[in-house]
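Take a look at the structure below.
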Amino acid sequence: MQAIDDLDLKNLRVTVDDAGIATVSLNRPAKRNALDAATVEEMVALFGLLPRTGVRAVVLRAEGPHFCAGLDLVEHHREDRTPAEFMHICLRWHEAFNKMEYGGIPIIAALKGAVVGGGLELASAAHVRVADASTYFALPEGQRGLFTGGGATIRVADLVGKARMIDMMLTGRVYKGDEAVAVGLCQYLVEDSEAKALDLARAAAENPPLSNFAICSAISHMQNMSALDAAYAEAVVAGIVNTQPASRGRLEAFANKTAARVRPE
Ligand code: 1HE
């Protein structure tokens, strides 16, 4: 099978620790990690491969003070793309981000600085978002004379609702801090987003991989279904996951009263 080391990555950097936690770094800090076509191709390759490598969870982070400045506007300007060419660029963004959302491996985004435009589309394809005090979210597409093309109409609208997304795009509204948590752009606001993301990845990696696979793919698939079909699919997935050998010991520990109870901190 292909290995992560076989991938020719230049704008992404990947390390995997002994616990199977992969740290994926956006590595174009001089360009504020703007997403050019080459970076998106690296994401398609990497996130297509990761679910088959035994990696148990991913921390998605960035070099430099900003998480991601979105579409590489300079490349887009220079290339002077036709409508069909840019449609195909967007389809590659969807390919990459769908591989993240539906891949079955928990992806925890450690955010900082600008998470804007396509950078927010990228962050919203992760399963958990952790922000720090420097993090801010915006969709400046309207001001740039553009429109979202990397899934924001689906994922950002899902996080914050249609009305807030439209406001962000029309007016350039920026969210940060507690307000960003309150509207659903991120789930955690902490001093050190990378340390927290790693803690969360480690916690998720303790779950059986089949449970995580269901959590990090089935829920998204079921949202695309009618309620009737989703209920059916949920029953089928639960049939497989809830009878897996990996959960037997955990259930036995609960029955024996040796397993941890669910308590507030
Ligand atoms: C870039 C990009 C970029 C920086 N494409 N090169 N996204 C935006 O509208 C956000 C555009 N970027 C910014 O507003 C600012 O750069 C930041 C707030 C993110 C950072 O500010 P700052 O002062 O730290 O950096 P800077 O001086 O603006 O930029 C530093 C370098 O990064 C500079 O390159 P240099 O070669 O002149 O040094 C910038 O050109 C470069 N850079 N951002 C290309 N985005 C699928 S559709 C998605 C549609 C969208 O994503 S629209 C939103 C686009």
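Residue indices begin at 1 and follow the sequence shown. Order of appearance sets the numbers: ligands from 1, and atoms from 1 within every ligand.
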Sole residue of Arg155, His221, His127 in side-chain hydrogen bond (donor to acceptor under 3.5 Å, both in side chains) with Glu101: Arg155
All pairs passing side chain to side chain donor-acceptor pair (under 3.5 Å) where residues 239-257 contributes a residue, at least two apart: Ser211-Gln244
Heavy-atom pair with the smallest gap, counting every atom of Ala110 and Phe67: O-CD1, 3.7 Å
Residues in the immediate environment of ligand 1 (any heavy atom closer than 4.0 angstrom): Ala30, Lys31, Arg32, Ala34, His66, Ala69, Gly70, Leu71, Asp72, Leu73, Val74, Trp93, Ala114, Val116, Gly117, Gly118, Glu121, Tyr136, Pro140, Glu141, Arg144, Leu146, Phe147, Gly149, Gly150
Basic-acidic side-chain contact under 4.0 Å: Arg13, Glu63: yes
Salt-bridge present (Lys31, Asp36; N to O < 4.0 Å): no
Residue pair Asp178, Leu189: steps toward the side chain to side chain contact (heavy atoms under 4.5 Å, CB included) verdict: CA-CA 7 Å; Asp178 291 329; Leu189 177 64; 3.3 Å; yes
